[in-house]
Amino acid sequence: QVQLVESGGGLVQAGGSLRLSCAASGKIFSINVMGWYRQDPGKQRMLVASITSIGNTNYADSVKGRFTISRDNAKNTVYLQMNSLKPEDTAVYYCMLLSGGTYWGPGTQVTVSS
């Protein structure tokens with residue numbers, strides 16, 4: 001059974017930075033994709049960024065140049081460095097792992113005040 005544990009959310013002023021972490025445990029294939037999605041109340045969950053096990057990355061246009069996704073394969077951990085945060089980045093952020101199935105973390109709240 002796969003489990004994802006997120007950390008690093010919180011409240012920050014506009015222009016500030018936060019770093020999210022997500023550690024995966026359980027039966028994980030070496031070839032996989034990890035990523036971050038976010039969801040506003042009443043809206044669909046949307047991709048923020050993803051990274052493959054060989055380091056290929058993909059970003060939503062709204063975060064390009066401000067967010068950086070990275071991972072530590074030895075620790076099965078993915079990170080999201082979020083800089084120049086804007087109030088519109090406020091959402092619940094979910095960690096995702098694609099490895100023989102799709103797994104989700106419980107979510108962590110990110111709130112950016114103006």
Distance in Å, Ser53 OG paired with Asn76 CG, rounded so as to fall on 0.5 Å steps: 10.5 Å
Are Val12 and Trp36 connected in the hydrophobic side-chain network, where two residues link if heavy atoms are under 4.5 Å apart? yes
Using a strict 4.0 Å threshold on nitrogen-to-oxygen distance, state whether Lys64 and Asp61 make a salt bridge. yes
What are the two closest heavy atoms between Ser50 and Val33, and how far apart are they? CB-CG1, 4.1 Å
CD1 on Ile54 to CG on Asn32, rounded to 0.5 Å: 11.0 Å
What is the minimum heavy-atom distance between Cys22 and Leu4, and which atoms define it? SG-CB, 3.9 Å
Under a 4.5 Å side-chain heavy-atom rule over Ile, Leu, Val, Met, Phe, Trp and Tyr, are Tyr94 and Tyr59 clustered together? no
Ile69 with Ile28, same ILVMFWY side-chain cluster at under 4.5 Å: yes
Counting only N and O atoms by type, is there a donor-acceptor contact under 3.5 Å from the side chain of Glu6 to the main-chain atoms of Gly107? yes
Would you name the heavy atoms of Val2 and Lys27 that are closest together and state the gap between them? CG2-O, 3.3 Å
Say whether, by atom type as modelled, one donor and one acceptor occur between the side chain of Ser99 and the main chain of Leu97 under 3.5 angstrom. no
Which value, rounded to the nearest 0.5 Å, describes the distance between Ser114 atom OG and Lys86 atom NZ? 14.0 Å
CG of Asp89 to CG of Asp40: how many Å apart, nearest 0.5 Å? 9.5 Å
Closest non-hydrogen atoms of Thr90 and Gln109, given as atom of the first, atom of the second and distance, are CG2-NE2, 3.9 Å
Evaluate the criterion side chain to side chain contact (heavy atoms under 4.5 Å, CB included) for residue pair Leu85 and Gln13; output intermediate values, then yes/no. CA-CA 8 Å; Leu85 282 160; Gln13 287 189 329; over 6 Å; no
With a cut-off of 6.0 Å (strictly less than), are more than 12 heavy atoms of other residues, nucleotides or ligands near CD1 of Ile31? no
Heavy-atom count around Gln3 CD within 6.0 Å, excluding the residue itself: above 12? no
Could you pull out the closest heavy-atom pair between Gly10 and Leu18, with the gap in Å? O-CD1, 4.0 Å
Can you hop from Tyr79 to Val110 via hydrophobic side chains spaced under 4.5 Å? no
Rounding to 0.5 Å, atoms OG (Ser21) and CD (Gln81) come to a distance of 9.5 Å
Side chains of Ser62 and Arg38: closer than 4.5 Å at any heavy-atom pair? yes
Working to the nearest 0.5 Å, report the span between CE of Met34 and CE of Met96. 8.5 Å
Leu11 reachable from Leu20 in the ILVMFWY side-chain graph, under 4.5 Å edges: no
Considering residues at least two apart in sequence or located in another chain, which fulfil the ring pair (Phe, Tyr, Trp, His ring centres under 6.0 Å) criterion with Tyr37? Trp104
For Arg19, check salt bridge (charged side-chain N to carboxylate O under 4.0 Å, His left out) against everything at least two apart and list the hits. none
Under 3.5 Å, side chain of Thr108 to main-chain N/O of Tyr93, donor-acceptor pair present? no
